[in-house]
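I have placed the structure first, in the form of structure tokens, so that the comments after it can refer back to it.
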2 protein chains.
Amino acid sequence: MKLPTSTEWVLHCAASLAQLQSGDTASAAQLAAYYDLPAPYLAKQLQALTKAGVLAASTGPRGGFRLARPAAEITLLQIVEAVDGPARPYECREIRQQGRGALPREDCQDTCVLARKMADAHDAWRRSLAGVSLADILDEIPADAPARTRRILMG
Amino acid sequence: MKLPTSTEWVLHCAASLAQLQSGDTASAAQLAAYYDLPAPYLAKQLQALTKAGVLAASTGPRGGFRLARPAAEITLLQIVEAVDGPARPYECREIRQQGRGALPREDCQDTCVLARKMADAHDAWRRSLAGVSLADILDEIPADAPARTRRILMG
DNA sequence: GCAGATCTACTCGGATAGGTGGTGTCCGAGTGCCTTGGG
DNA sequence: CCCAAGGCACTCGGACACCACCTATCCGAGTAGATCTGC
């Protein structure tokens with residue numbers, strides 16, 4: 001079970017975008033330079049965030065990415081699932097219905113216990129991430145960090 | 001973020017082994033036939049469980065796998081991490097220390113906020129799985145299931 | 001009948017190929033800004 | 001001086017190779033049991 005490396009990239013990029021002033025944007029190239037990342041691949045991931053409705057993109061000069069909604073309304077879960085997909089890590093393929101020990105269909109009306117427990121764990125993970133917004137992240141960084149970020153990122 | 005397909009296999013196999021009577025064993029071939037799985041690859045995964053101390057293996061005729069400890073002392077987390085490895089899905093590579101916006105080392109004494117939140121979510125997932133033992137699973141299946149499992153699996 | 005050695009068949013254990021999804025890269029379509037010419 | 005049209009440079013968006021990990025498989029080492037022989 002491994003999250004894509006780009007997960008860290010988009011989390012930090014989203015946090016940086018949350019530090020911009022309303023109306024400002026940052027291009028994929030600027031963000032890539034800010035964190036020393038491969039620009040084209042980072043752009044691909046930011047596209048995914050745009051499709052998911054987390055970021056908004058504008059083309060042309062002075063264009064780039066910005067948050068699609070207030071930082072308080074964007075959770076870490078939305079960012080992570082935008083790049084990793086909404087698929088559950090544990091996929092029940094109903095092997096209990098195969099082989100010599102196959103159970104009759106009537107005994108498989110409800111989802112199997114193991115799948116339920118795995119789903120419970122995944123829900124706990126999702127709830128934990130859904131409980132943290134970008135605004136919460138900004139609350140935990142030094143007060144003078146946003147100004148520095150803006151200066152270096154867009155300068 | 002995807003768990004190996006074999007996760008479902010070993011979870012069901014462990015649950016089946018938990019239904020055996022003390023002293024009995026089931027071979028990889030028997031378990032594979034019971035669920036219609038590729039026997040050699042399943043054996044490889046059961047080896048991983050043995051290395052992790054979840055199962056105990058005995059060779060020779062009448063040999064096979066059995067639980068290494070009472071079912072109440074084996075959690076789903078131990079089984080899952082035995083096949084998937086103990087690595088955390090989110091790996092912080094400290095990109096905040098790279099690129100134009102690199103933070104000075106003195107500001108990176110403590111782990112970055114995002115890595116901490118991702119670790120919190122992973123801990124919630126692990127706690128959820130650690131709270132379910134094989135004994136809990138057996139409590140939720142019909143009372144006559146173990147006898148059927150033994151008959152078909154070892155017969 | 002019994003004990004010992006042998007022999008066999010069955011088990012696990014590790015080393016070896018192939019397929020799918022993430023990683024990294026490229027070029028094309030579209031748009032806002034700037035320049036430039038005219039009124 | 002003001003305005004409008006054109007050109008341009010910059011942006012995102014999608015399509016194309018490469019590599020690592022999971023999937024799948026094979027054969028060899030070791031052992032418990034059964035067999036056979038001799039006493």
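Below, read A as the first sequence line, B as the second, and so on, with proteins coming before strands; counting in each chain starts at 1.
In the hydrophobic clustering of ILVMFWY residues, with side-chain heavy atoms under 4.5 Å counting as a link, A/Leu138 and A/Leu153 come out apart. Placement of B/Leu20 and B/Ile141 in two distinct hydrophobic clusters is found when ILVMFWY residues are connected by side-chain heavy-atom separations under 4.5 Å, directly or transitively. In the hydrophobic clustering of this structure, B/Met1 groups with B/Leu77; members are Ile, Leu, Val, Met, Phe, Trp, Tyr whose side-chain heavy atoms approach within less than 4.5 Å, directly or through other members.
Rounded to the nearest 0.5 angstrom, A/Gln78 CD and A/Ser133 OG are separated by 9.5 Å.
B/Ala43 comes within 4.0 angstrom of nothing in the nucleic acid, heavy atoms only. Among the heavy atoms of the strands lying under 4.0 Å from B/Lys44 is at least one base atom, whether or not backbone atoms are also near.
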Using residues 103-110 of chain A as the side-chain source, report each donor-acceptor pair under 3.5 Å to any protein atom, sequence neighbours left out, with the distance given to one decimal.
none

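Atom-to-atom, NZ of A/Lys2 to C1' of D/dC22 comes out at 12 Å; the value is rounded to the nearest Å. The distance between atom CG of A/Leu42 and atom P of C/dG22, rounded to the nearest whole Å, is 17 Å. The nearest whole Å value for the distance from the CD atom in A/Glu8 to the P atom in C/dT23 is 12 Å. At whole-Å resolution of the value, CG in A/Leu55 and P in D/dC12 are 11 Å apart. A/Arg62 places its CZ atom 13 Å from the C1' atom of D/dT11, with the value rounded to the nearest Å.
For the segment residues 46-54 of chain A, residues with any heavy atom less than 4.0 angstrom from an atom of DNA chain D are, sorted by number, A/Gln47, A/Lys51. A heavy-atom distance below 4.0 Å to DNA chain C is reached by none of the residues of residues 73-101 of chain B. At a non-hydrogen distance threshold of 4.0 Å, B/Pro38, B/Pro40, B/Tyr41 from residues 19-41 of chain B come into contact with DNA chain D.
Side chain of A/Gln30 to main chain of A/Ser27: a donor-acceptor pair is present (N/O by atom type, distance under 3.5 Å, no hydrogens or angles).
Residues B/Tyr90 and B/His122 keep their aromatic ring centres 6.0 Å or farther apart.
In this view, A/Glu73 satisfies the salt bridge (Lys or Arg N to Asp or Glu O under 4.0 Å) rule with no residue, not counting sequence neighbours. Every residue two or more places apart in sequence or in another chain that forms a salt bridge (Lys or Arg N to Asp or Glu O under 4.0 Å) with A/Arg96 is listed here: A/Glu94.
For B/Tyr41 and B/Gln45, the side-chain atoms include at least one donor-acceptor pair closer than 3.5 Å.
Both A/Gly60 and A/Met1 sit near DNA chain D, but only A/Gly60 has its closest nucleotide nearer the 5' end. Checking A/Thr5 against B/Gly64, the closest nucleotide of DNA chain C that is more toward the 5' end is the one next to B/Gly64.
Side chain of B/Trp9, nearest nucleotide from D/dA32, C/dC33, D/dA24: D/dA24.
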Worked verdict on B/Ile95 versus A/Asp36 for side-chain contact (heavy atoms from CB on, under 4.5 Å)
CA-CA 8 Å; B/Ile95 65 172; A/Asp36 191 22; over 6 Å; no
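When the side-chain nitrogen and oxygen atoms of B/Ser6 are compared with OP1 and OP2 of D/dC22, none of them lie within a distance under 4.0 Å.
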